[in-house]
Each structure stands twice: as structure tokens, then as C-alpha cells.
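Below is one structure, written out as C-alpha cells, with a few remarks after it.
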Amino acid sequence: MSGYDPKAIEARWQSRWNEAGLFRTDGVDPSRKQYYCLEMLPYPSGKLHMGHVRNYAIGDAIARFHRMQGEQVLHVIGWDSFGLPAENAAIQKGEAPRRWTLDNIATMRTQLQRLGLGYDWNREIATCLPEYYRWNQWFFLRMLEKGVAYRTNRPLNWCDSCNTVLANEQVVSGRCWRCDSPVARRQFEQWFLRITDYAQELLDNLDRLEPWPEKVRTMQKNWIGRSEGAELLFDVDGSDLKIKVFTTRIDTTYGATYLALAAEHPDIQELIRDVPERDAVQAFLDEQLAHNLEDRFADAAEKLGVFTGRYAVNPFSGERVPIWIANFVLTDVGTGAIMSVPAHDERDFAFARKYGLTIRPVVKPVDGAVPDPETMTGAFSGYGTSCASAGFDGLATEEAKEAMGNHAEQNRFGKRTVTYRLKDWGISRQRYWGTPIPVIHCPDCGPVGVPDDQLPVLLPEEIEFTGEGGSPLARVPSFVETTCPTCKGPARRDTDTMDTFVDSCWYYFRYLDPKNSDQPFDWKKARSWFPVDLYIGGVEHATMHLIYTRFWTMMMRDLGLVDIDEPVNRLFTQGMVNKDGFKMSKSKGNVVDPDDLVARYGADTIRLFSLFAAPPDRGLDWNEAGVEGCYRFLVRLARTVDNVVSSLPGPGTPEPAGGCSGDALALRRKTHQTIARVTFNLGPRMHLNTVVSAVMELINTAAPLTEQVVGHDDDSGLAWALRECFESVSLLLTPFAPHFAEDIWERLGNAPFVSDSTWPVAREDLMEEDEVTVVVQVNGKLRARMFLPRGVDRDTALSKAREDEAVARHLDGKQVRKVIFVPDKLLNLVVG
RNA sequence: GCGAAAGUGGCGGAAUUGGUAGACGCGCCGGCCUUAGGAGCCGGUGGGGUAACCCGUGGGGGUUCGAGUCCCCCCUUUCGCACCA
């Protein structure tokens, strides 16, 4: 048994860990701290990719580290297994989505197991199974009861390629987050979750999520997009209609010279019913509404609009102002209608100039004159003093906001309000492979929730996939046709399924109680594991999953299910794995296959390289030569241990009575320094790449020393120090290369498992050097190094330094004006 | 345009947070071993210079005895948001 045969040892240790149930977590051990190490669960697309490998290698390293530190660790994996690819496979290859998904899970589970990841497989879940999704339905019904889930008709994002609507979070620069095709606007009757009820709390709590990356918190903050301002009602001249606008600058209302509506504004048809401009307006609307979102982005450069022929009345001044429809007014923002103040808003200004509309300054800059509307070349959007604003003249902007807000409220034509960019979460999807929405539409009773005792509403299996639009479930009469739970009359089931982001909102709560058939989970079993200590995943979920799951936790709290506000204590976003500077993709032909790598090098090498090649939060470029380097390191280490082990004292031999000296002492020092460094970098800092370096360094120190003990008598304690070193290395490498570490541990004569052993503790008394290097600088430039006993005082160091030839040369003929002395480190002589 | 992060050898990256820049690995060069080596081992490797030394962490200023690290300005790259009323 010598050399390094990863295939053999990895299979062997995986089955031994499994037999011993090493990574099972049963119940809660009150004598230990509970540590919940969580990684974002994978979508079972077919095969593991390197991004998964890196994600799970990081998580497993942290989980194993905490386990060895005596904490009770929960480390579980599951499958985010609803979603479109399964359905597309059905359309393209005729495979049943369920079969396709479960096959993929089986494949990928094997791949994960081959990596030697320490999961509690008894808690594995798959979100596509009725045991899981019935609780999505249960949650939906609870939200329906509380009014958190509601149904309404609203313009939504439509992906033509995915044939379904998308939530705002799932539209990236006008394109679908999944397939990158342009997104269109369509009006739909849909189910929404009232996430906006939690907007303020989602925002406020960000300050408390201090261990989260600043980047993610900023992204969420911007996404929630809180904006303070006021709503104002403008009467429409000659009509009962009132147009509600939102503004953050109520102080500029006297400068509002026109209103502008988004093309989707619901009152437009009423406004133009009887005006001569009707046809022109309709033509403009038709053109605008035909555009997809991406084209609208592209068109944004040019402001376009059309006059409706109608006028509104400024509630402050009584002035009649024209009502326009403009392409730069977005239906999702504010009320979808604005009062335009061209003198004080760049966009309004550009539009006004283009269409010859009135520009009227009503704010005087603090350090300048009121701009002249004839000659001004841009809007003044800063703060200043109100003017041309009747009774509000002379007020500073903040005061004017206050006074005019009060005035509007007293006269009931407006109120101060806060808007958010965040919109309610539309969760209906016109697709098959997802959680059926548990609602029955009755012609008499309207939408009625399915009674709890009829859950789960099962997805029908016999179904044909045509790829045509519309909800596939709508074509399954046996699914659709049912009776109303209230009146028992004939009724139809809702044929949409839930957004798959619902599934991932609460899966990590289910891990704590995965087989519960009475409720989603028993909080008594779960609470001591929450909040999740560390959550590792990609940053791409910053404004999707990570907002949804925070909302879901608050919602569960309000249902009385949990008593926490935030689910995750520390978030860690790992970087992408690239190849040759590019994202791995089939089209680029630069995909690296984990199976192939494991077959060639073994899982330990792959894991080691994933963690060594770059800091975990940064991108990692996959590099074959670097992998070789990690493999060589393991080979060399195995060989070194093999060569020396018979010359080492047996396991458990006490420290030599006479202590260690010379090389032995130096090695012990290095060993304990390494333990300290690894512990620090693995724990609070998560600089995993430097941990590997540190262990390599230790081996570079230890390996040459082994020759001194092989075939020689040893009276310095070196053999003992070498055993301490190699045992420590086994322990320190366990989070990174666990099979290898077990193997070395065993070769050193120790009983298994190193994975279940206690993390080593660095001995401070051994770490300190008795001789230190003190550098000598003259005027800040390095001139000499001195090797001095630890703790020498300033005067001794100074006289020692003066003896140095190079130092003396630079002091020659000059006056030492100042001496800076950092004990055991540095001496700086300032001369002049 | 706004916001955030980052720029260090030929490459990936270290630097315990103001105190020896370049740890560790890759690559490269030289040597040993070998019929041979894309294996292994040993040594070298920021640039310039025979040397003393000089230069060097994107560029320019500054603070300091001392700056990769702190401050100001600029450049570049990546990411996020993008007419947010």
C-alpha cells in the first residue's frame, strides 16, 4: 500500500463514511453549537458543472471544518427540480418531464457522491415531488386567506420563447433571465404575492445583514428602490376623470406645464374617446405597445409623444395644462403618469423643447439667478428657493415640499407617500412542470382555494407536449374539470403553475423535517439551526431568490410558523468558474467535465484546485497545469509519508521528555504557525486559497527533514516532530482533500476517522521564534537584515545595526536625526 | 449616465490590515538521473546593472520616519442599475 491511487482510496473512504453514518445529523445535540452550512441547491440539468463543484467544495470545506471544531453541523443537498428545461426536453425529445428530471437527479447525485461531499443524504429533497410541492400549495392557501396572495389584471412581462410571463426580477435589461430572448408587455389575469407589504422591512433589515457582501445589499437596496414623494390628483378638464401622478418634487408643481402618461395608462381610452386627435393617438399607442421591452430601451434615446387633445387642471394653480402620452413615462414607475416640470427635470426639458411646450422655472438656485426659459440649455434639478409659486415663494426646497405637501393634504387633492420600485411578485406561469396553483374557478363563487384535505393538487402525468402557447394543463380535461368546493357546482381548476422561485424560498427549512406529512416543517426541530450560519451561492440570485426567500421568511413569521425575521446570517457569493477567460459553454467548446477530471486525478485534486487557484469570492479560471500541480503535491506528500513513516514513533507517543531542539523545534514552530494560520483563514476570513498554500509551505519545510530520520538514530525529537507535523497536515487537509487525508491518517497508524477527529489547536508558546529578523532601514530604504534574539531592546539593535557594513556606509558623514524602532521587526534610521 | 468592486512578475495569486513586496502554485531556465522523457529529484527565476546600487504594486499628486495598504485627482477593466418622475 504505497503511492497514491485516488480511485481506490476515494471509493474506499466514501463507503466507510457512509457505513459509519459520519455525516448524518439526527436531532439536536444541546451540548454543542448547531452550525448550518447551506449551499444553493442545484437545478438538475443533467450533469454537474464546474460551478457546482466549486460551490460544493467550498461548502464542504467549511462544514467539515466546523464539524471538526466540535460543532454539530447540518449539511444537506436537494434538487430545485421544477422548471422549464424538463418541459423542453419533453417537447423536443418526447421524454416525460418527471422521468427526465429524476434520471438527472440520479446522475448528479452519483457525481456529488463521487466528490466525497459530506452530506446527510437522509434529508435530501426534490422540489418536484408531491411531498414537497403540496406545501407550496399549502403556503399559497394560507397567503390567500391572509390576502397576501391576490389575483389581478396587470401588464406583465411575457417571454415569447418560454411562452410564459415573468416577474420583474426575472427580466434582465429587457430580456428573459433564462433564455435571453426579448420580453414583451402583455396584460394578464394573474396571481400575485404582496411582497411590497414587506418592502420597508426588506430594506430596513439590510442594515442588520452586516455579514452579507456589500454588493448584494446594495443591489437589493436599489432593487427595492424606495422613493419618498407625493401623489397629486389632476382633474381632467371637461371630465370626471382624475389623473394621479407621483412626484418627488411637489415643490415644483407651479412649474408643471403638461402631464405625460405611459402608453399603458388605463385612462387613455376614456380620455381620447371624443377628441379629434383620437386616431393619431391610437396610432402612437399601437406603435409603442407593439415594441418589446428591449426595443423600448433602444428607443429611449429619442423622446416621443403625442398630444391627447385634453387638458388637466393643476390643483395648486388652477392652470390648464395639456395631457400628453410619452414614451419615456414608464407604467411601472410611480403611478404611470407624471406632471412634467421641464425647467427642473432633464427629461421633461428635452421633451418640452422638442414639442415646443412651456418651460417655467419655479426654483431659484442657491447661488445663481432664476434661469431664463428662452436661453436655458438644460434643466436645473438641484435644490434652491421656490419662486413663481404663489404663496410658497421664498421657501427653501425642503420647506416647500413640506408646506405644499400639507396644503395638498388639507385640500384633499394629494398626499405624501412612499413608492417602491419593487413590485408585487407575479407567480403564475403558463407552463406544466411546476406546482399547480391550488385554486378552483367557479362561475358562481369566483376563485376558491382548494381545501387543505384535498392537497396536493397533483400534476397529471398523462399529458401531451406540443410546445404551443397556453398552459399545458388547460388541455387536460380530467385536470381542469372539477367541482366547486363551496357550491359543489361544476368548476374549473386554475391551469397555471407557480414560479419555481417559490420552491427555493423555503427548501432549507424543509431540510430540518423533510418527511413531515402534517406541516411544511416542525419549527421546534428547526429553530436551533436558524438563522443559517453560512449560505453559499452565486451572486446572480441577489435580486431574485435572495429577496424572495427573505420575503417568504417574513411571511412565515407572520403566519406564526417561525420566530425569526431573517433566514440567513452570513451570505457568501462565490465567483464563476471560467476557462481561458470565458464562461464555460457548449457553444464555445470550453466545457470541463467534472467526471472526466475525477477519473484522471481523483476528487481530492479537483477539490483542492478549486479552492487553491483563486479566492473563493472571485472568478476562477480553470487551468489544467494548475490541476497537475495540485495532483503532484498530493503524490509527493503521500510518498514523503510512505518513506518516513517506519522511522517515526508510534501514534500517541508522548512528547519527548527532553523536548525538541534544532530542526525539530523549528519544525514544531512551523507546524503550529501553520495550524494557527489555517484556522484563521478557514474560519473568519474564508481565504481558502491561502490555507492550501500554508499547508504546502509546511510540507516544503518538513519534507527535506525526513532524510535525517530515515535510517538514523534521532535524539533531537525530530521524528516526533515529524509525526506531529504529518498528523497535523492530515487534519488540516481534511476539509480540502478528505479521502487523501483519511489515507495519510491511516498510514500514520491512526484509527479512523480523521474526518471525525478534533481540529488541532495551535500552541502559542511554540509559535514564537527565539530569533527574529529585524530589518534595518536608512531613510526608509532597506539596507540590512539582522538576526537577533527575540525581544532585544532599541539600543542593542541600534548598536548592532551600526556594526553592519552597508548600514555604516549609508550613515557615513551624516547625522542620525531620528530612530524608529519596532521591536522584533524593524529599525529605521532617519539621517539628514 | 449612476453605483459598486478591482488593477501587484510571463500567468493564477500572497502580503496576519501602515513596517522585509512577490508567499504558494503554474510556466520558464540550468543541472542530476535516464537509451529516452511531456516522469522524478536539486537549484534558479520582478526589471536594470560587472558591482556598489538603482527602479518596481495602473498613472499623477499628498500624508508619514516608512504606503500595495491611508487621502485627493485621473485612466482601465469587470459587475450591477439604467429615462425611477
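In what follows, chains carry the letters A, B, and so on, assigned in the order in which the sequence lines appear, proteins first and then strands, with residues in each chain numbered from 1.
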Checklist entry - For the residue pair A:W324 and A:Y258, does the interplanar ring angle fall in the parallel (under 30°), tilted (30 to 60°) or perpendicular (over 60°) class? => result perpendicular

Checklist entry - Phosphate oxygens OP1/OP2 of B:C41: is one of them under 4.0 Å from a side-chain N or O of A:R639? => result yes

Checklist entry - Can a side chain N or O of A:N700 be found less than 4.0 Å away from OP1 or OP2 on B:G25? => result yes

Checklist outcome for this item: Per the O4'-C1'-N9-C4 / O4'-C1'-N1-C2 angle with a 90° window around 0, B:U17 comes out syn

Next on the checklist: With rounding to the closest Å, how many angstrom separate the P atoms on B:G46 and B:C29?
Outcome noted: 16 Å

Checklist entry - So does A:D770 pair up with A:R669, basic N to acidic O under 4.0 Å? => result yes

Checklist entry - Looking just at side-chain N and O atoms, do A:R178 and A:Q170 make a donor-acceptor pair shorter than 3.5 Å? => result no

Checklist entry - Of the candidate nucleotides B:G19, B:U16, B:C26, which contains the atom at the shortest distance from the side chain of A:F680? => result B:U16

Checklist entry - Using atom P of each nucleotide, how far apart are B:U77 and B:G44 to the nearest Å? => result 40 Å

Checklist entry - Can you tell me how far the CG atom of A:D604 sits from the CG atom of A:L634, to the nearest 0.5 Å? => result 6.5 Å

Checklist entry - Phosphate oxygens OP1/OP2 of B:A82: is one of them under 4.0 Å from a side-chain N or O of A:R421? => result yes

Checklist entry - If you find the nucleotide of RNA chain B closest to A:M339 and the one closest to A:G780, which residue's nucleotide is nearer the 5' end? => result A:G780

Item to check | Spacing of CE belonging to A:M686 relative to CD1 belonging to A:I536, to within rounding of 0.5 Å | outcome: 5.0 Å

Checklist entry - Under 4.0 angstrom, heavy atoms only, what part of the nucleic acid is A:Q777 near: base, sugar-phosphate, or nothing? => result base

Checklist entry - From the list B:A15, B:C55, B:C83, which nucleotide is the closest neighbour of the side chain of A:K781? => result B:C55

Checklist entry - Just to confirm, is there a sub-4.0 Å distance from OP1 or OP2 of B:G80 to any side-chain nitrogen or oxygen of A:R217? => result no

Next on the checklist: Side chain of A:I338, heavy atoms from C-beta onward: which of B:C83, B:A85, B:A14 has the nearest atom to it?
Outcome noted: B:A85

Next on the checklist: I'd like to know if A:R600 pairs up with A:E624 as an ion pair, taking the criterion as any Lys NZ or Arg NE/NH1/NH2 lying under 4.0 Å from an Asp or Glu carboxylate oxygen.
Outcome noted: yes

Next on the checklist: If I pick the P atom on B:G19 and the same atom on B:C71, what distance separates them, to the nearest angstrom?
Outcome noted: 15 Å

Next on the checklist: Does B:A85 have OP1 or OP2 under 4.0 Å away from a side-chain N or O of A:S227?
Outcome noted: yes

Item to check | Any A:R809 side-chain nitrogen or oxygen under 4.0 Å from OP1 or OP2 of B:A51 | outcome: no

Checklist entry - At under 4.0 Å between heavy atoms, what does A:G225 touch on the DNA or RNA strands: base, sugar-phosphate, or nothing? => result nothing

Checklist entry - Using atom P of each nucleotide, how far apart are B:C73 and B:G10 to the nearest Å? => result 31 Å

Item to check | Gap in Å between the two C1' atoms, one belonging to B:G27 and one to B:C75, rounded | outcome: 30 Å

Checklist entry - When the distance from CG of A:L829 to P of B:G19 is rounded to whole Å, what number comes out? => result 19 Å

Checklist outcome for this item: Among the nucleotides B:C65, B:A15, B:C24, whichever has the atom closest to the side chain of A:H687 is B:A15

Next on the checklist: It should be established whether A:K215 places a side-chain nitrogen or oxygen under 4.0 Å from OP1 or OP2 of nucleotide B:A4.
Outcome noted: no

Checklist entry - Is the base of B:G9 syn or anti, if syn means a glycosidic angle within 90° of 0? => result syn

Checklist entry - What is the nucleic acid contact for A:R685, judged by heavy atoms within less than 4.0 Å: base, sugar-phosphate only, or nothing? => result base

Checklist entry - Nearest of B:C41, B:G19, B:A15 to any side-chain atom of A:T690? => result B:A15

Checklist entry - Going through the checks in order, is the salt bridge (charged side-chain N to carboxylate O under 4.0 Å, His left out) test met by A:K401 and A:E228? => result CA-CA 11 Å; A:K401 283 187 182 183; A:E228 280 181 47; over 6 Å; no

Item to check | Dot-bracket line, read 5' to 3' along RNA chain B, where crossing pairs take [ ] and | marks a partner on another strand, Watson-Crick or G-U under 3.5 Å | outcome: (((((((..(((......[....)))((((((.......))))))(((....)))..(((((..]....))))))))))))....

Item to check | Of the listed nucleotides B:A21, B:C26, B:A85, the one nearest the side chain of A:F328 | outcome: B:A85

Checklist entry - Nearest-Å distance, NE2 (A:H672) to P (B:U16)? => result 23 Å

Checklist outcome for this item: Among B:C83, B:G19, B:C26, the one nearest any side-chain atom of A:A625 is B:C26

Item to check | Separation of the P atoms in B:C54 and B:G68, to the nearest angstrom | outcome: 16 Å

Checklist outcome for this item: With the side chain defined as heavy atoms from C-beta on, A:E697 is closest, among B:G13, B:A23, B:G25, to B:A23

Checklist entry - Touch check for A:F612, heavy atoms < 4.0 angstrom, all strands: base, sugar-phosphate only, or nothing? => result base

Checklist entry - Under 6.0 Å between the ring centres of A:F612 and A:F736? => result no

Item to check | Euclidean distance, atom CG of residue A:D251 to atom P of B:A85 [Å, nearest integer] | outcome: 13 Å

Checklist entry - For A:N689 and B:C24, is the shortest distance between a side-chain N/O and OP1 or OP2 below 4.0 Å? => result no

Next on the checklist: Could you tell me how far apart A:L782 (CG) and B:C54 (C1') are, to the nearest whole angstrom?
Outcome noted: 14 Å

Next on the checklist: Counting the atoms with a prime plus P, OP1 and OP2 as sugar-phosphate, which does A:G619 contact under 4.0 Å by heavy atoms, base, sugar-phosphate, or nothing?
Outcome noted: sugar-phosphate

Checklist entry - Is it the case that more than 12 heavy atoms not belonging to A:K354 sit under 6.0 Å from its NZ atom? => result yes

Next on the checklist: In this structure, is the centre-to-centre distance between the rings of A:F609 and A:Y631 below 6.0 Å?
Outcome noted: no

Checklist entry - Distance check: side-chain N/O of A:R632 vs OP1/OP2 of B:C26, anything under 4.0 Å? => result yes

Checklist outcome for this item: By nearest-heavy-atom nucleotide on RNA chain B, the more 5' of A:N681 and A:M219 is A:N681

Checklist entry - A:E346 has an atom CD; how far is it from atom C1' of B:C83, in whole Å? => result 11 Å

Item to check | Inter-nucleotide P distance (B:U34, B:G22), Å rounded | outcome: 37 Å

Checklist entry - Rounding to the closest angstrom, what is the interatomic distance between B:C33 and B:C28 at atom P? => result 22 Å

Next on the checklist: Heavy atoms only, 4.0 Å cut-off, all strands: where does A:N828 land among base, sugar-phosphate and nothing?
Outcome noted: base

Checklist entry - So A:Y355 and A:F351, would you call those rings parallel, tilted or perpendicular, with 30° and 60° as cut-offs? => result tilted

